[in-house]
Amino acid sequence: MEYDFESIEKKWQAYWAKNQTFKVENDSDKPKYYILDMFPYPSGAGLHVGHPLGYIASDIFARYKRHKGYNVLHPQGYDSFGLPAEQYAIETGQHPAKTTKENISRYRVQLDQMGFSFDWSRELRTSSPDFYKWTQWIFLLLFEHYYCKTINKALPITNLISNFEKEGNYFVNAVCSPGTENFTADQWLKFSKVKKEEILLNYRLTYLSNTEVNWCADLGTVLANSEVINGVSERGGYPVTKKKMRQWSMRICAYAERLLSDLDKIDWPDSLKEMQRNWIGKSIGAKVLFQIEGFDQKIEVFTTRPDTLFGVTFMTLAPELDIVKTITHEEQKNEVNNYVEQTQQRSQRERMSDIKSITGVFTGSYVLHPFTGERIPIWIGDYVLADYGTGAVMAVPCGDQRDYDFAKKFNIPIKNIFKGISIDKEAYVNKENTIIDNSDFLTNLNCPDAMSRIIEELENKECGEGTINYRLRDAIFSRQRYWGEPIPIYHKDKLPQPLNLDDLPLKLPDVENYLPTREGFPPLGNAHKWAWDTESRTVVENEKIDNKKVFPLELNTMPVWAGSSWYFYRYMDPYNSDTFVGEKAMNYWQDVDLYLGGSEHATSHLFYSRFWQKFLFDLKLLPVDEYAKKLINQGMILGNSAFIFRKPGTQEYFSKDLLDSVEDYDPIRVDVSLVNLSDELDIDRLRMWQKQFDTAKFKMKNGVFKVGREVEKMSKSKFNVVNPDRICEKYGADTLRMYEMFLGPIEQAKPWNTSGITGVHNFLKKYLRLFYAENRWIVNDKEPNKKELKILHETIKRVSIDIENFSFNTCVSSFMICVNELTSLNCHSREILTPLTLLLSPFAPHLAEEVWEKLGNKTTIVYNSFPEVNESYLVEDTKNYPVSFNGKMRFTINLSLNLDQDAIKKVILEDLRTTEYLQGKTPKKWIIVPNKIINIVF
RNA sequence: GCCUCGGUGGCGGAAUUGGUAGACGCGCUGGAUUCAAAAUCCAGUUCUUUUGGGAGUGUGGGUUCGAUUCCCACCCGAGGUACCA
């Protein structure tokens, strides 16, 4: 029988769909297991071969867990809000809801084609109002809570208000925005309603503040950092500037410590946890207040090295700080303004990356050293970032290389405060075994002692204190976009007012134009019907705004990470209209047992979702404070882009093997589907593909045009997307599934290359030939021999271990070895082939089901048990070779001999006596590694 | 720049705690079968060589009887870097 994968796969996919084979109930006698994939963004390019990598792995594991007797929840959905759909809408005027729906249909067809065992009855979409109703609800919860530092959890804002009424905010230990003023209970009671609201906003877990965005005036929109290249927009090359806007933020910093310490609770990759730790960036040190000479103000700095306080010789501020304007002296004004302007044009990343150019300007002002009273000049420099710490650093050139280089460049004195250490050439950054010098009361102390002493003194003098700083910043939550969840807030007296749960969902209004308004308001500003009637509690036309009962609604929308921060709970109970997840479903499923997704989400989705989880846990809405017990990162699949080479200013293109004869050339990307496996370009199809090649001349060698190749991220814009559809057509889904697993370790990024796919396809054909030959069913009921049983049980053992360790590539190898061996032994025994089929079914489910049925089984393979290893078949027969010798004085001893060391030595010496190697010498040294190798030194 | 990961034949990749580097697959070479091709099967395949051997896991050092594995420095590639998803 030929391997007719097409009809086999169609047959079983239809069977699974018809019987709802993978539908799972919210209760069962079996233990539960929740396997989650990161849901895809449905882009217009369709699913490419990179998407299924993680889905195949999780599907294999889900099928394996079902075999092992678990009630497996394995859902899928779509992260369907996002920028590309909106950009497409701006270009074509099509509503994002329409294109998103079309894209989802295409994705679904492609996903089904690969035979995934998703429970599609639970599908969800973040852009559906039934779903985002609850995203909006969580936003409101965050708005109605603050973070109490005493008991370390979120509490209702009403608690805070009653505290204020009793004792003001002097004794309230809560996380608030910097610069929040202090007040007594009496003062609070006398504050106006507006003032009270303003103060509360400083405590709410989601709040309004002024933050910077990338503004592109020519495109009339805000850009993501990734859309900005060298200070201009990627599309069109228009200038981009920084603009301050009043935006919603999430007080994620309140959870910094818990987000850090709870990493120890979860089985996530160490590298990813390390990234999150560094992202939080906890550092212990002190804040120090410096009085500005001639001003009433102080500058606060954070330092991890307060022990070097007496080495300070200047201070550097971030150029964009407001205080810079205040303190700049008249004669420095021009220089400072120019510098600030220059800084505005550089991105933060540029400023951080550039360590070679040292720039800065003196402001003309001084601060006073808190202990010596010395005048310390205040500079500004773009290596200091406004949103890290306080945006000000005390510069200690002897102890910090950056400060050292700055001081050298601008001839600022460098004071040495380290005993016996030369700082002629570079700063001394070490703090171990270092004694402080020239530092008043710190002189002769070592660094740790100096650290605690100075903090004590700072606190006594009330000009500083020991403190912990985090690099983490609060998360900006506003987007000036159309295609996102509306923020359920209206504005009354310039203050935000929340809607109620009953008012939700607040549905996205229709607009005629998806760009921001002419006045620069977000796209929702184009909606005619976007005002809130507080009486009828409905959305009404903007004309009705009257300052009494109808008010404008919020124009910003939520970021993409909002929906993805909690979606995994909705799968448990996707149709519940009373609550975000029903109690019964929540108690049964609890959390995700295994989460699969890319490490590129390490400090975004995988971080924000932990934050929301902890918040909802504080409110007792969720049973656990970490949602995913185990996480596996799958590596990205890289595309193999194709290039042709154009002579600048001409329409002449050169084949890759002619480049030696060309002086200069521009590489131009062409679609990889126009190139065959030998890198030869189909020029006729290229001309059809893009108009620009109509008049092109192609210089080729021997009648063949070869392209250049480069490996990069698979992306529609790089024309290197490989679609799984064709491979499914040519080789079948089972081959694609096994091949993607065979490509390499699941966590590693790897280039897509189909040249090896025939090997996997041949394996499946070979596997089938164990059952059929020459159109005949050849499975027999012969008792298998020892050798065959050994092969089977070795394979069961290897495959089971490999699946548990997610080592799917070596697992596929084990299958290949097994089938090769059984083939060469001419083994067609039912007793061997039946368990082998079960073993293979997570990888090649369609073929396995087909064979399973032909073997006479009436049930589907899905809920069958998994074969167990019988170790007794694996015992080695060892008598034949006790000692082997490879000529390098190295011996392998088979361990099942179980000899002790002296016995091993005796065996070897006896063996050597008969060889030419010993020649009367006695060994000087023996190295005997149990189970391994023995080296003898003469 | 910073954080995280990776670098092994012509290619994708194997290699328990440091112990015979190159499993398995692709490709290539030769053979069988065939009128021929496809398919299939068998054998070989790190490089080099004077056929004794020598070299070899990005580069340069180090630790060790022994290093792909551990340590130090560097080079190259990928992902993230706070509004792509």
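Bear in mind that the values here come from a model prediction, so they are computed numbers and not experimental data. No hydrogens, no waters, no symmetry mates; every other heavy atom, side chains included, goes into these values. Chain A is the first sequence line, chain B the second, and so forth, proteins listed ahead of strands; every chain is numbered from 1.
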**Asked** Is A/Glu212 salt-bridged to A/Arg473, cutoff N-O under 4.0 Å?
**Response** no
**Item:** Contact under 4.0 Å: A/Lys766 side-chain N or O vs B/C41 OP1/OP2
**Value:** yes
**Asked** Is A/Asn753 near enough to B/G13 that one of its side-chain N or O atoms lies under 4.0 angstrom from OP1 or OP2?
**Response** no
**Message:** Could you tell me the Watson-Crick or G-U partner of B/C84, where both distances fall under 3.5 Å? Say none if there is no partner.
**Reply:** none
**Message:** Is B/G31 syn or anti, taking syn as a glycosidic angle within 90° of 0?
**Reply:** anti
**Item:** 4.5 Å side-chain heavy-atom contact, A/Thr823 and A/Leu770
**Value:** yes
**Request:** Please determine, for the side chain of A/Asn225, which listed nucleotide (B/A23, B/C83, B/A82) has the closest atom?
**Result:** B/A82
**Message:** Regarding A/Lys797 and A/Glu794, does a basic nitrogen lie under 4.0 Å from an acidic carboxylate oxygen?
**Reply:** no
**Asked** With both distances under 3.5 angstrom, what nucleotide forms a Watson-Crick or G-U wobble pair with B/G44?
**Response** B/C28
**Fill in**
Minimal heavy-atom distance between A/Tyr482 and A/Pro523, with the atoms involved, is N-CG, 3.6 Å
**Prompt:** Could one point to a donor on the side chain of A/Gln480 or the base of B/C83 with an acceptor on the other under 3.5 Å away?
**Reply:** yes
**Request:** Using only heavy-atom distances, decide whether a donor-acceptor pair under 3.5 angstrom links the side-chain of A/Arg277 to the base of B/C3.
**Result:** no
**Asked** Would B/G25 be called syn or anti, given that syn covers angles within 90° of 0?
**Response** anti
**Prompt:** A/Arg769 side chain N/O closer than 4.0 Å to the phosphate oxygens (OP1, OP2) of B/C41?
**Reply:** yes
**Message:** OP1 or OP2 of B/C5 versus the side-chain N and O atoms of A/Asn633: is any pair under 4.0 Å?
**Reply:** no
**Prompt:** Taking a pair as Watson-Crick or G-U wobble with both distances under 3.5 Å, which nucleotide is matched to B/U51?
**Reply:** none
**Asked** What does B/G6 pair with, Watson-Crick or G-U, if both distances are under 3.5 Å?
**Response** B/C76
**Item:** Complementary nucleotide for B/U68 - Watson-Crick or wobble, under 3.5 Å
**Value:** none
**Request:** Look at the side chain of A/Gln276 and the base of B/C3, then say whether one donor and one acceptor between them are separated by less than 3.5 Å.
**Result:** no
